[in-house]
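Below you'll find the structure, written out as C-alpha cells, and then a few comments.
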Amino acid sequence: MRHPLHAALLTGLLLTLVSGGALAQAQEQELSAGELRLTPDTGLHAPGTPSTTAPTAPTALPRAAELPPPVQTGLPPSVLAALQRAQVPAAAMSALVLPVGGPGAARVRFNTEQPVNPASVMKLVTTYAAMDLLGPDFTWSTRFYTDGVVDRGTLRGNLYIKGGGDPKLVLERIQGAFQALQNLGVVVVLGDMVLDNSAFDLPPRDPGAFDGEALRPYNAGPDALLVNFKSVVLKFFPDPAAGVARVFSEPPMAGLAVDATLPLTRSGGCGDWRGAIGARFDDVNAIRFTGRYPVGCGDKEWPVAYQDPASYAARALEGLWRNSGGALTGKVVMGATPARARLLHEARSLPLSEIIADVNQWSNNVMAQQLFLTLGQLAPARVDSMTVPRGRLTPERQGRLERSREIVARWWRTTFGIRHTVPVMENGSGLSRIERITPEALGDLLQHAARHPRGATFVQSLSVAGVKGTAARVGREPGSPAYGNAWLKTGTLRDVTGIAGYVNAGNGGRYVVVGFINHPNAMAARPALDTLVEWTAALPD
C-alpha cells in the first residue's frame with residue numbers, strides 16, 4: 001500500500017507545463033552544452049564593475065587529489081563502480097540518504113559536512129524560502145497607468161507599464177493584457193509608452209560575463225519588467241519546393257529585421273545545423289544568415305537571448321502593441337510612473353505554486369533570480385518575527401541582491417537555527433561559481449519541507465524521474481524502480497553535477513536523497529548520482 005505522502009506526491013504528475021516551458025527546458029539543455037567551468041575565485045559582476053554587493057567567495061574547493069583517501073566510504077558498491085568508470089575518486093562525491101520522516105539512521109552519509117557548489121540544485125533553497133514566506137497563492141502584478149484621459153478609443157496622454165517582478169510575463173499574457181486595455185478603450189496612444197522597472201535595483205550586468213555565452217537563454221538577467229525571458233525564438237520551416245527554409249521570429253520586435261529565408265542544403269544529415277546557418281547577431285537591428293539550412297533537420301526552433309537586452313522590453317512591447325492592433329504616436333522609453341497616474345489595468349501573474357514548478361522542473365535561471373529578488377523586497381523585521389504557522393508576507397521595498405541574501409539568511413536562521421551554516425547565496429539560481437551549501441543542510445531542508453503544511457506544493461514542483469522535467473533522463477530503463485518514484489532537482493555546471501529530492505522505495509519507505517560531485521570529470525560521473533537514486537528506490541527494508 002502506498003503511504004499518504006506517496007499519494008500526495010503522485011498528484012504532482014497531473015500538473016501540466018505552463019506556457020513557456022519549452023523555452024525554459026532549452027535553457028537547462030543549453031546550460032549543459034555551454035560547458036561552464038567552476039572557478040570559485042570569480043564573481044558575476046560585469047568587467048570593471050565593483051562587486052561590493054556580491055558575497056565573498058568561499059575557499060576554493062579542494063581537488064580530489066588533495067583529499068586523503070577515505071578509509072570507508074559507505075557508498076553503495078554500484079555507485080562506487082560508476083565513479084570508477086568515470087575515473088572520479090570517491091572523495092569528490094558527497095551523498096546522503098535519509099528517511100523523510102526524521103528519526104532513523106541514514107542509509108548513506110558520506111562527505112556531507114563539506115560545502116559544495118550545488119549548481120542549479122541551489123534553486124531548492126530559493127523556491128522553498130519563497131513558498132514558505134510568500135505562500136503558494138502569491139502573485140505578482142504588472143500595472144498599467146495613465147496620466148491622461150481615454151476618449152472614444154484614444155488615450156490622450158502617456159501609457160505607463162510598471163513591472164512588479166513577474167517571473168513569467170510571456171507573450172500570451174502580454175497579449176491578454178493589451179486586449180484588456182483595448183477593451184477599456186485604449187487603442188490609440190497619443191503619447192509615449194513609458195516602461196517602469198524600478199521595483200528592482202540591479203547593478204550593471206554583462207550577460208556574457210559568466211561564461212562568454214551572452215546569447216545563451218540561461219544567461220538572461222532578471223528585471224522587474226521581465227518580458228518573455230528577454231529571448232527571441234527563431235523558427236525554421238524547410239520548403240524544398242522553393243529551395244529555402246522560411247524563418248519566423250517571436251515576439252515581433254520593433255526595429256529588428258530578421259532574414260525571412262535562407263537557402264537549403266540537401267547534403268548530409270542535420271548535424272550542427274546552428275553552425276551551418278551562419279547566424280549573425282552583431283547588429284542589434286538585424287539577425288542575418290550567411291549559411292544554408294539542412295533540409296534533413298525538418299522544423300526547428302532556436303531560442304536566443306536578444307543581443308541588446310537593455311532594449312528588449314521596449315522593442316518587444318512596442319511590437320506586440322502594434323501587432324495587437326494598437327497605435328502609438330510617441331516613443332517607448334524607460335521612466336518612472338508619476339504618483340498622480342491613474343490605474344487602468346492590473347495583470348496578475350501565475351501563482352507562485354506554478355512558478356516554482358517551472359523553476360524546479362525545467363531549471364529556469366532567470367525565473368529563480370526573479371524569486372530571489374522578490375524575497376529581498378520583504379521587511380527584515382517581519383521575517384525575524386515569524387511564528388509557526390507562518391503568516392504570509394508582502395513585498396514592502398525595492399528588491400536588491402544584497403537584500404535578498406539578507407532575507408534568505410534571516411529565514412534560514414529562523415527556520416533551521418544554528419544546526420547548519422547559512423548557505424552562500426549570490427543570485428539564488430545556482431548559476432554561480434561561489435554559491436555553496438552542505439549536503440547535510442540540504443537534506444535537513446528537504447526533511448523540513450516534507451513536514452511543511454504546504455509541503456506537497458513544494459514536492460510537486462520537482463521533476464519526476466523518467467517522466468518529466470530535467471530528471472526525465474533518470475530511471476528510463478525498462479523496469480527501473482526509480483521510474484515515477486523519485487521527485488528530484490538536478491544541477492549541472494562544468495566540474496559540477498548534483499541531484500537532490502525525494503525517493504519512494506519499493507517497500508514503501510520514503511527517503512531524502514542528496515548527491516553532489518565537484519570534480520573536473522563531474523559530467524562523466526553523473527551516472528553515479530542516477531545510480532544512487534536507483535539504489536534508494538530499490539531498498540528492500
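Here the structure is a predicted model, which means the values were calculated and not measured. Only heavy atoms go into these numbers, but all of them, side chains included; no hydrogens, no water, no symmetry mates.
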Can you name the closest pair of heavy atoms from [X] and [Y] and give their distance?
X: K230; Y: P222; answer: NZ-O, 3.7 Å
X: A347; Y: F144; answer: CB-CE1, 4.2 Å
X: F229; Y: A220; answer: O-CB, 3.5 Å
X: Q369; Y: S429; answer: NE2-OG, 3.4 Å
X: G165; Y: F200; answer: CA-CZ, 3.7 Å
X: A379; Y: I407; answer: C-CD1, 4.2 Å

The test is side chain to side chain contact (heavy atoms under 4.5 Å, CB included); show your working for N158 and T146 and say whether it passes. CA-CA 6 Å; N158 296 325; T146 187; 5.7 Å; no
Considering only heavy atoms from C-beta outward, does the side chain of [X] approach that of [Y] to under 4.5 Å?
X: I287; Y: F281; answer: yes
X: L225; Y: D196; answer: no
X: L256; Y: N285; answer: no
X: N228; Y: P251; answer: yes
X: K300; Y: C270; answer: yes
X: L350; Y: T139; answer: no
X: R526; Y: T492; answer: yes
X: R340; Y: D147; answer: yes

Around atom [atom1] of [X], are there more than 12 heavy atoms of other residues, nucleotides or ligands at under 6.0 Å?
X: R348; atom1: CZ; value: yes
X: Q398; atom1: CD; value: yes
X: R288; atom1: CZ; value: yes

Check whether [X] reaches the backbone of [Y] with its side chain - one donor and one acceptor, N or O, closer than 3.5 Å.
X: R315; Y: G255; result: yes
X: T261; Y: V244; result: no
X: E435; Y: P118; result: no
X: Q370; Y: D223; result: yes
X: D272; Y: G275; result: yes
X: R322; Y: L328; result: yes
X: Y293; Y: G298; result: yes
X: N427; Y: L431; result: yes
X: R292; Y: L264; result: yes

Basic-acidic side-chain contact under 4.0 Å: [X], [Y]:
X: R173; Y: D166; answer: yes
X: D299; Y: K235; answer: no
X: D192; Y: K331; answer: no
X: R403; Y: E396; answer: no

Give a yes-or-no answer on whether the side chains of T490 and T470 include a donor-acceptor pair shorter than 3.5 Å.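 Side chains of T490 and T470: pair found under 3.5 Å.
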Residues L169, L226; criterion side chain to side chain contact (heavy atoms under 4.5 Å, CB included); working and verdict: CA-CA 6 Å; L169 189 59; L226 178 68; 5.8 Å; no
Side-chain donor-acceptor pairs of residues 182-191 under 3.5 Å, sequence neighbours excluded:
residue : atom : partner : partner atom : Å
Q182    : NE2  : S324    : OG           : 2.9
N183    : OD1  : Q179    : NE2          : 3.1
N183    : ND2  : Q179    : O            : 3.3

To the nearest 0.5 Å, what is the distance between [atom1] ([X]) and [atom2] ([Y])?
X: I437; Y: L442; atom1: CD1; atom2: CG; result: 5.0 Å
X: L373; Y: S404; atom1: CG; atom2: OG; result: 4.5 Å
X: T337; Y: L195; atom1: OG1; atom2: CG; result: 9.5 Å
X: L371; Y: M131; atom1: CG; atom2: CE; result: 12.0 Å
X: H345; Y: L159; atom1: NE2; atom2: CG; result: 11.0 Å
X: W140; Y: Q377; atom1: CH2; atom2: CD; result: 10.0 Å

Going by the angle between their ring planes, with limits at 30° and 60°, are W273 and W302 parallel, tilted or perpendicular?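 Perpendicular, since the angle between the ring planes exceeds 60°.
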Parallel, tilted or perpendicular, judged at 30° and 60°: which one describes the rings of F178 and W321?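 Because their plane-to-plane angle is over 60°, the rings of F178 and W321 count as perpendicular.
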May I ask you to check whether F458 and W487 place their ring centres under 6.0 Å from each other?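 Distance test on ring centres: not under 6.0 Å, no.
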Report the C-alpha distance between S363 and S120 in whole Å, list the side-chain angles of each, state the deciding distance to 0.1 Å, and finish with yes or no for side chain to side chain donor-acceptor pair (under 3.5 Å). CA-CA 7 Å; S363 209; S120 284; 3.1 Å; yes
Step-by-step side chain to side chain contact (heavy atoms under 4.5 Å, CB included) determination, N518 to D495: CA-CA 6 Å; N518 282 193; D495 296 354; over 6 Å; no
Stepwise side chain to side chain contact (heavy atoms under 4.5 Å, CB included) check, M253 with Y306: CA-CA 10 Å; M253 298 278 286; Y306 179 56; 4.1 Å; yes
Can T154 and D151 be said to form a side chain to side chain donor-acceptor pair (under 3.5 Å), step by step? CA-CA 5 Å; T154 299; D151 179 24; over 6 Å; no
Side chain to side chain donor-acceptor pair (under 3.5 Å) evaluation trace for Q361 with S463: CA-CA 4 Å; Q361 288 177 18; S463 56; over 6 Å; no
Check step by step if salt bridge (Lys or Arg N to Asp or Glu O under 4.0 Å) holds for D358 and K168. CA-CA 9 Å; D358 260 6; K168 197 169 185 181; 2.4 Å; yes
Given side chain to side chain donor-acceptor pair (under 3.5 Å), test N364 with K123 step by step and report yes or no. CA-CA 9 Å; N364 190 301; K123 291 180 175 72; over 6 Å; no
